[in-house]
Amino acid sequence: MPESHQTPRDMALDLIDLDRYPIADLESGAGAVFLEQCQRHMDEHGWCNLADFLRTEALEQLNGEANELLPTAETLHVKRNIYQGAIDPSLPDDDPRRKEFVHIAVQLADDQIPVQSKLKQLYHSKILTEFVRRVQRKDHLYRCADEFQALNVVALHPESWHAWHYDTTECTVTLLLQAAETGGEFTFLPNSRTDEGEDHEAVDRLLAGDMSHAQSFSRGAGAFTLFRGGYSLHGVTKVEGAQPRISAIMTYDEQPNRVIEDDINIRIYGKRVETILASRNTAATA
């Protein structure tokens, strides 16, 4: 008899609290109502935060996977300006936007996260990808094809923080697996730039330490967040207490098969990735 080729079960069906967040059917009933609520909140605020997105046992499993893998990760000292690129030489020497910030994080790149892990299977969920696409009102949305950036796990240990930055993609999708005991608050400057320009005065104030216009929203372990990080300057405040803050970063793109430039990946992931790429380039020219 011919072998049966069954479609693998979508991991979203097992891990997400579908009673509370009915993303498996967005066309009718409770799913359609929920989708409209998420879209409206995203349009009005630039973010959509879903507390307790995972089932309790699922959160324990995914956080367990992350904690088992993180000892194999590198501790990265990431130095960058808020745009994650080269400094604009036309800016005055004392312009705050020339300033580079350093943060320290223990970080797993996509190639360090096993394909069989539940976390990666959740990222590869068609149900979840479709939900993210619909909330953003995109005609097409694909998981990032970059071998390092697609799915990351980031741990901020006590006394660490995430420096101010804009994301290289329009919308960032994160899943908080383990919250800090105190601190580690996601903080942002709403709509600090648009496609037409940037509110330089607001950005300069924030970089100088004026937090009066910054905003935050509460996030506990298990929260799933969509955030327009390409348009709002943001970071994570210093983690305090005994346990690290652990989050999964899921990257999507409107273009299929998009990969990131080698120099950006080297700047983010450091020596390990630099060695991989150098070896690959040497083999290609041999």
Side-chain angles (χ1 to χ4, degrees), residues 62-63 65-87 96-113 119 146-169 172-189 203 206-209 211 214 216 219-221 223 225 227 229-230 232-251 260-277:
L62 268 59
N63 190 35
E65 286 182 342
N67 276 283
E68 287 180 6
L69 290 169
L70 280 166
T72 69
E74 290 181 275
T75 299
L76 303 178
H77 293 68
V78 180
K79 183 178 181 180
R80 62 186 178 190
N81 66 3
I82 62 174
Y83 309 106
Q84 304 202 58
I87 295 173
R97 285 161 291 152
R98 289 184 67 101
K99 185 175 182 179
E100 290 186 300
F101 299 86
V102 177
H103 70 253
I104 301 172
V106 178
Q107 186 158 340
L108 291 161
D110 186 88
D111 67 319
Q112 296 174 292
I113 303 172
L119 180 59
D146 191 89
E147 63 185 306
F148 306 115
Q149 293 214 22
L151 173 66
N152 280 201
V153 173
V154 180
L156 295 178
H157 285 265
E159 301 302 310
S160 296
W161 61 89
H162 212 141
W164 297 115
H165 65 285
Y166 291 106
D167 292 327
T168 55
T169 54
T172 305
V173 180
T174 61
L175 178 62
L176 188 61
L177 299 175
Q178 181 172 290
E181 290 181 2
T182 58
E185 295 294 333
F186 179 74
T187 307
F188 61 100
L189 189 63
V203 169
L206 185 67
L207 297 182
M211 300 284 287
S216 184
R219 298 180 72 215
T225 307
F227 173 72
S232 294
L233 190 64
H234 60 284
V236 176
T237 63
K238 183 184 292 185
V239 171
E240 300 172 4
Q243 75 177 16
R245 175 190 189 273
I246 302 175
S247 59
I249 302 173
M250 301 176 174
T251 305
I260 309 302
E261 294 86 349
D262 286 355
D263 63 320
I264 293 177
N265 277 334
I266 291 170
R267 186 164 64 248
I268 293 174
Y269 300 105
K271 192 65 178 178
R272 184 186 72 88
V273 167
E274 183 178 16
T275 300
I276 290 172
L277 295 174

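Below, all heavy atoms of this structure are taken into account, side chains as well, without hydrogens, waters or symmetry copies. Note that the numbering runs from 1 along the sequence shown for the chain.
Counting heavy atoms from C-beta outward, Met211 and Thr187 have side chains that approach closer than 4.5 Å. Looking at Trp164 and Leu207, their side chains come closer than 4.5 Å, going by heavy atoms from C-beta outward. No side-chain heavy atom of Phe188 sits under 4.5 Å from any side-chain heavy atom of Leu233. For the pair Leu156/Trp161, no side-chain contact is recorded, criterion being any heavy-atom separation below 4.5 Å from C-beta on.
Considering CZ of Arg245 and CG of Leu176, their distance stands at 5.5 Å, rounded to 0.5 Å. Taken from CE in Met250 to OG1 in Thr225, the straight-line distance is 11.0 Å, to the nearest 0.5 Å. Leu206 CG to Leu189 CG: the interatomic distance, rounded to the nearest 0.5 Å, is 5.5 Å. Separation of atoms CZ (Arg219) and CD (Glu185) is listed at 9.5 Å; rounding is to 0.5 Å. Between the OG1 atom in Thr172 and the NE2 atom in His234 there is a gap of 5.0 Å [rounded to 0.5 Å]. Here the NE2 atom belonging to His103 is positioned 10.5 Å from the NE2 atom belonging to His77, to the nearest 0.5 angstrom.
Between the side chain of Ser216 and the main chain of Phe186, a donor-acceptor pair closer than 3.5 Å is present. For Asp146 (side chain) and Phe148 (main-chain N/O), a donor-acceptor pair under 3.5 Å exists by modelled atom type. Without hydrogens or angle criteria, Gln243 side chain to Ala179 main chain gives a donor-acceptor distance under 3.5 Å. Although no hydrogens or angles enter the test, the distance criterion places no donor-acceptor pair under 3.5 Å between the side chain of Gln107 and the main chain of Leu76. Side-chain N or O atoms of His165 include none that pairs as donor or acceptor with a backbone N or O of Tyr83 at under 3.5 Å. Using modelled atom types, one side-chain atom of Gln112 and one backbone atom of Ala109 make a donor-acceptor pair closer than 3.5 Å.
For the side-chain hydrogen bond (donor to acceptor under 3.5 Å, both in side chains) criterion with Gln149, the lone passing option out of Thr168, Asn265, Asp111, Thr251 is Asn265. Of the residues Asn152, Leu108, Ile276, Val78, the one that meets the side-chain contact (heavy atoms from CB on, under 4.5 Å) test with Tyr269 is Asn152.
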